[in-house]
Amino acid sequence: MKRLDLIKLINEKPYVKNNLNKGMHGVVMNETSSGIAVLFFNPHNIGEYAIVNVKRQDIVLEKEKLPPEIQEEMLSRLDNIMSRARDYIAPIAINNYDTVELTVEAERYARHGIHKGDIGCVIDNDAVGNYIEVDFSGVDEDGNYYGGCIGVDIKDLKVIE
């Protein structure tokens, strides 16, 4: 296997501690003396990734190839990618339909009428850059609709139910 080949994980057991699952796809970063360093993207948090050293027998080479422009971009950013990598896929501790409370007062939420202490419902526990969609809407005592759905940083939320 060579750098930037696409692979699929076929044996998850040795990588439970890394939160990898059978069938996950990855990109070969390089070959090491103890295996192959593979970049796996977090399927539940777009933008998050891990580089895990795997054994050759635990992966299979995919027929597909990355387009040349993607390969060039990855190679140009390789040092940055490697330096920011974890060795595990971080699970998201919030689930669909959890009731959550906003724990911070911040302009990025206030401009949408959402403030510290507001209660919402998680719409989707898949995140983009650590932001998940939360519905803070409701009907007040006068029958008026308020709030809306916005992306909220996971660290700014506390699960209350």
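Quick caveat: nothing in here was measured; it's all calculated off a predicted structure.
- Residues forming a salt bridge (charged side-chain N to carboxylate O under 4.0 Å, His left out) with Lys2 (at least two apart in sequence, or on another chain): Asp5.
- Residues forming a side-chain hydrogen bond (donor to acceptor under 3.5 Å, both in side chains) with Asn19 (at least two apart in sequence, or on another chain): none.
- For the atom pair CG (Asp124) and NE2 (His44), the distance works out to 10.0 Å, reported to the nearest 0.5 Å.
- Nearest heavy-atom pair across Ala110 and His115 is CB-CE1, 3.6 Å.
- Under the side-chain contact (heavy atoms from CB on, under 4.5 Å) criterion, Glu64 pairs with Leu6, Glu62, not counting sequence neighbours.
- Atom CD1 in Ile46 sits 7.5 Å away from atom CG in Asp126 (nearest 0.5 Å).
- Every salt bridge (charged side-chain N to carboxylate O under 4.0 Å, His left out) that Glu31 has, sequence neighbours left out, goes to Arg56.
- Annotation for Val104: hydrophobic cluster partners, listed by chain and number, are Ile92, Ile94, Val100, Leu102, Tyr109, Ile114, Val122, Tyr131, Ile132, Val134, Phe136, Ile150, Val152, Ile154, Leu157, Val159 (ILVMFWY side-chain heavy atoms under 4.5 Å, direct or chained).
- Through direct or relayed side-chain contacts under 4.5 Å between Ile, Leu, Val, Met, Phe, Trp and Tyr, Ile10 connects to Val60.
- At distances below 3.5 Å, not a single donor-acceptor pair connects side-chain atoms of Asp142 with backbone N or O atoms of Asn144.
- With sequence neighbours excluded, the residues forming a salt bridge (charged side-chain N to carboxylate O under 4.0 Å, His left out) with Glu73 are Arg77, listed by chain and number.
- In the hydrophobic clustering (ILVMFWY side chains linked at under 4.5 Å, chained through shared members), Val28 is joined by Met1, Ile7, Leu9, Tyr15, Leu20, Met24, Ile36, Val38, Phe40, Val52, Val54, Ile59, Leu61, Ile89.
- Looking at Asp58 and Glu12, their side chains never come closer than 4.5 Å, going by heavy atoms from C-beta outward.
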**Report entry** Residues Met29, Ile81; criterion side-chain contact (heavy atoms from CB on, under 4.5 Å); working and verdict
**Finding:** CA-CA 10 Å; Met29 300 311 287; Ile81 291 169; 4.2 Å; yes
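- Chaining together hydrophobic side chains whose heavy atoms lie under 4.5 Å apart places Ile119 alongside Ile160.
- Put simply, the side chain of Asn45 does not reach to within 4.5 Å of the side chain of Val128, judged on heavy atoms.
- Residues His25 and Lys8 come closest through the heavy atom pair CE1-CD, 3.7 Å.
- Here CD1 of Ile70 is found 11.5 Å from CG of Leu75. Values are rounded to the nearest 0.5 Å.
- Between Ser34 and Asn53, the closest heavy-atom pair is OG-ND2, 2.6 Å.
- Checking side-chain atoms of Thr103 against main-chain N and O of Lys158 turns up no donor-acceptor pair under 3.5 Å.
- By the side-chain contact (heavy atoms from CB on, under 4.5 Å) test, Lys155 is found to be paired with Arg108, Asp153, residues two or more places apart in sequence or in another chain being considered.
- More than 12 non-hydrogen atoms from other residues, nucleotides or ligands lie less than 6.0 angstrom from NZ of Lys65.
- The shortest side-chain heavy-atom distance between Arg3 and Val27 does not fall under the 4.5 Å cut-off.
- Applying the side-chain contact (heavy atoms from CB on, under 4.5 Å) criterion to Glu133, with sequence neighbours excluded, gives Ile123, Cys149.
- The environment of Asn80 atom CG is dense: over 12 non-hydrogen atoms of other residues, nucleotides or ligands sit within 6.0 angstrom.
- Contacts of Ala85 classified as side-chain contact (heavy atoms from CB on, under 4.5 Å), with partners at least two apart in sequence or in another chain: Tyr49, Ile51.
- For the residue pair Asn42 and Ala90, the shortest heavy atom distance occurs at ND2-O, 3.0 Å.
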